[in-house]
**Q** 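Here you go, one structure.
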Amino acid sequence: MKVSQAVGGALVTAGVDHVFGVVGSGNFLVTSAMVDAGARFVASRHEGGAATMADAYARTADTVAALTVHQGCGLTNATTGIAEAAKSRTPLLVLAAEVSQPRSNFYVDQEALARSVGAVPMRITSAATAVQEAVDAVAAALHGRRTVVLNLPLEVQAEEAVAVAPPRLPEAPAPVEPCAEDVARLVEALREARRPVFVAGRGARSAAARDAVSALAQAYGALLATSAVAKGLFHGEEWSLDVSGGFASPLAAELIRGADLIVGWGCALNMWTMRHGALISPDTAVVQVDDTEEALGAHRELSFGVVGDTAATACAVHQASDVEREGYRTEDVRARISESLQWRQVPFEDLSGDGRIDPRAVTIALDDLLPADRVVAVDSGNFMGYPSMFLAVPDERGFCFTQAFQSIGLGLATAIGAALAQPDRLPVAALGDGGALMGAAELDTVRRLGLPMVVVVYNDAAYGAEVHHFSPDGHDLATVTFPDTDIAAVARGYGFTGVTVRQQHDLAQVRDWLDGARDTPLLIDIKVVADQPSWWLEEAFRGH
């Protein structure tokens, strides 16, 4: 047995059961060994797509996933997806074949490349240590919630393996318990608050954390909200405001801004979630709970921070509490949430006409058409708020948002990874025309895997964010506008059912597909009204 084969087997024994990638000479044997050991290999058409599929799978399945790439160019092709995963603290293991000879045309300083995008570089160094190093890399990714680039030098891969039993993956570290002083301080802050709001982020995406935060919110009368990546966490909760930040509905933004205490639970309270601070009133106390001390106050000034696991901290604070109060949960607030919280309850002028349809109107119609048991993945762009705001999801596993790096073109691959992690749900990919065409190669992957996916393309024949950002100043927009593309025809070439929507009655074709066998994936090329700017991206441009 070669080292490459021993490493592949050890990774599967350590719990890696899905590996995504493009196979070349340098990663063929290690990938084949993983398949032989029982892992599922998902072949993508581009390493960038594979990286994002693995990222989305790990997020949605709440486990570690692997990406396998060829030396040099395979890794550089995957770099954007790796950067997204690293910035999101996704437990992802990148298996990167590596050449050590600087004169090789495949040579890249892969360790420096990994560090440059926030990933953790590790390496297989010898036949004697290879199996232990492989398991250590899995532990670093899974238990440390990090994206790890495990470099596999070709000369070490080719050595004869040392026969050793694969070591067991170490147990996950115990949840970080908050100190008594911090618990008491948070209890006192909650006692003093009359209008508390809890904002839960990625660090609260577990049943234990959700239940603990919900119970504490009930005791103190706090309203509940989430960051975008945790959308759906409080689905069905009477006092949920859905997403805080740029996607927040007008009522949600008003109520968050009216809070006298905001507590972020496993949430960075960054510029997106707090609209560059616009959702925080000058006299509002701000507290952040996170199990990583460096995360506290990284994005904004805090009244104080609490180092602790979300579930453990919420439980400890609840146990130390001796009061229950109405807080922000008044009858007036209850009525307003019921009547006007959702975006679809906010009146708007339908701008459909001249062969183009209002993205708000069509997304509301799709929300009514598509089954509620869905998993939605959203790409980046001017359109992105519409599916994020108007498409409901059943829980936090129903929304996958790979937007920490703000790259377009990741949405389709995100939907593939999420679909494989949630095979019993209808996968929905929401893309702009720019991102759809950038990631079009993975339409082949959707068809090849037999996924009954719905791909929704908001097609304005432009990079709409740039159009709306630069047009008010009179700039020439030729660099960001394009002739209209028949993306439905492109999809049909890949084996999809492709439909074009210019007005509401065109959605009858979507109903026909939903009522049929669903034996091909569906792409909906929606020709949307092009003159609707997005304030959520305007905020981003102002912030940078």
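Just so it is clear, the model here is predicted, and its values are computed rather than measured.
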**Q** Just by modelled atom types, is the Ala295 backbone N or O under 3.5 Å from a matching donor or acceptor in the Thr292 side chain?
**A**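 No, the answer is negative, given that no donor and acceptor are paired below the 3.5 Å cut-off.
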**Q** So, are Arg374 and Asp367 salt-bridged, with charged N and O less than 4.0 Å apart?
**A** yes
**Q** Could you walk me through whether Tyr463 and Thr481 pass side-chain hydrogen bond (donor to acceptor under 3.5 Å, both in side chains), step by step?
**A** CA-CA 6 Å; Tyr463 290 137; Thr481 55; over 6 Å; no
**Q** Charged N to carboxylate O below 4.0 Å: is that the case for Asp291 and Arg145?
**A** yes
**Q** Would Thr520 and Thr497 satisfy side-chain hydrogen bond (donor to acceptor under 3.5 Å, both in side chains), going step by step from the backbone distance to the final call?
**A** CA-CA 6 Å; Thr520 63; Thr497 296; 2.7 Å; yes
**Q** Look at the rings of Phe198 and Trp265 and say which category their plane angle falls in: under 30° parallel, 30 to 60° tilted, over 60° perpendicular.
**A**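 Geometry flag for Trp265 against Phe198: perpendicular rings.
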**Q** Please confirm whether the backbone N or O of Leu351 pairs with a side-chain atom of Asp358, one donor and one acceptor, at under 3.5 Å?
**A**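 Side chain of Asp358 to backbone of Leu351, a donor-acceptor pair under 3.5 Å: yes, one is there.
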**Q** Does Asp433 reach the main-chain N or O of Ala462 with its side chain, forming a donor-acceptor pair under 3.5 Å?
**A** yes
**Q** With a 4.0 Å cut-off, would you call Asp350 and Arg360 a salt bridge?
**A** no
**Q** Determine whether the side chains of Thr90 and Thr147 contain a donor N or O and an acceptor N or O closer than 3.5 Å.
**A** no
**Q** Would you compute the distance between atom CG of Leu11 and atom CG of Leu95 and round it to the nearest 0.5 angstrom?
**A**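 Rounded to the nearest 0.5 Å, the CG-CG separation comes out at 5.5 Å.
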**Q** Just checking, any donor-acceptor pair under 3.5 angstrom between side chains of Thr273 and Ser244?
**A**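 The criterion, which ignores hydrogens and geometry beyond distance, is not satisfied for Ser244 and Thr273.
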**Q** What's the verdict on side-chain contact (heavy atoms from CB on, under 4.5 Å) for Phe348 and Ile364, showing C-alpha distance, side-chain angles and the deciding distance?
**A** CA-CA 12 Å; Phe348 65 91; Ile364 291 171; 3.8 Å; yes
**Q** Taking atom types as modelled and ignoring hydrogens, do the side chains of Asn27 and Thr68 form a donor-acceptor contact shorter than 3.5 angstrom?
**A**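 Result is yes, a qualifying pair exists.
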**Q** Give a yes or no on whether a salt bridge exists between Arg344 and Asp368, defined as a side-chain N under 4.0 angstrom from a carboxylate O.
**A** yes
**Q** Take Thr52 and Asp55, measure what side-chain hydrogen bond (donor to acceptor under 3.5 Å, both in side chains) needs, and give me the verdict at the end.
**A** CA-CA 5 Å; Thr52 300; Asp55 180 2; 5.8 Å; no
**Q** Establish, yes or no, whether a centroid distance under 6.0 Å links the rings of His70 and Phe28.
**A** no
**Q** Using modelled atom types only, decide if a donor and an acceptor are shared between the side chain of Arg502 and the backbone of Gly355 within a distance under 3.5 Å.
**A** yes
**Q** Would you say Arg210's side chain and Glu396's backbone share a donor-acceptor pair under 3.5 angstrom?
**A** no
**Q** Could I get the full list of ring pair (Phe, Tyr, Trp, His ring centres under 6.0 Å) partners for Phe405, not counting sequence neighbours?
**A** none
**Q** Would you call Arg397 and Asp62 a salt bridge, taking side-chain N to carboxylate O under 4.0 Å as the test?
**A** yes
**Q** Is it the case that Ser380 and Gln406 place a side-chain donor and acceptor less than 3.5 Å from each other?
**A**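 No donor-acceptor contact under 3.5 Å links the two side chains.
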**Q** Arg59 vs Ser88, test: side-chain hydrogen bond (donor to acceptor under 3.5 Å, both in side chains). Steps then yes/no.
**A** CA-CA 9 Å; Arg59 296 186 197 208; Ser88 298; 2.9 Å; yes
**Q** Evaluate Arg356 against Asp354 for salt bridge (charged side-chain N to carboxylate O under 4.0 Å, His left out), listing each step before the verdict.
**A** CA-CA 6 Å; Arg356 292 197 169 269; Asp354 297 326; over 6 Å; no
**Q** Distance-only, no hydrogens or angles: does the Ser388 side chain make a donor-acceptor pair with backbone N or O of Gly385 under 3.5 Å?
**A**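 Such a contact is absent between Ser388 side chain and Gly385 backbone.
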**Q** In sequence, state the C-alpha distance, the side-chain angles, and the governing distance for Asp395 and Lys231, and then conclude on salt bridge (charged side-chain N to carboxylate O under 4.0 Å, His left out).
**A** CA-CA 7 Å; Asp395 54 33; Lys231 178 179 170 66; over 6 Å; no
**Q** According to ring pair (Phe, Tyr, Trp, His ring centres under 6.0 Å), who are the partners of Tyr494, at least two apart in sequence or on a separate chain?
**A**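 By the ring pair (Phe, Tyr, Trp, His ring centres under 6.0 Å) rule, Tyr494 matches no residue at all.
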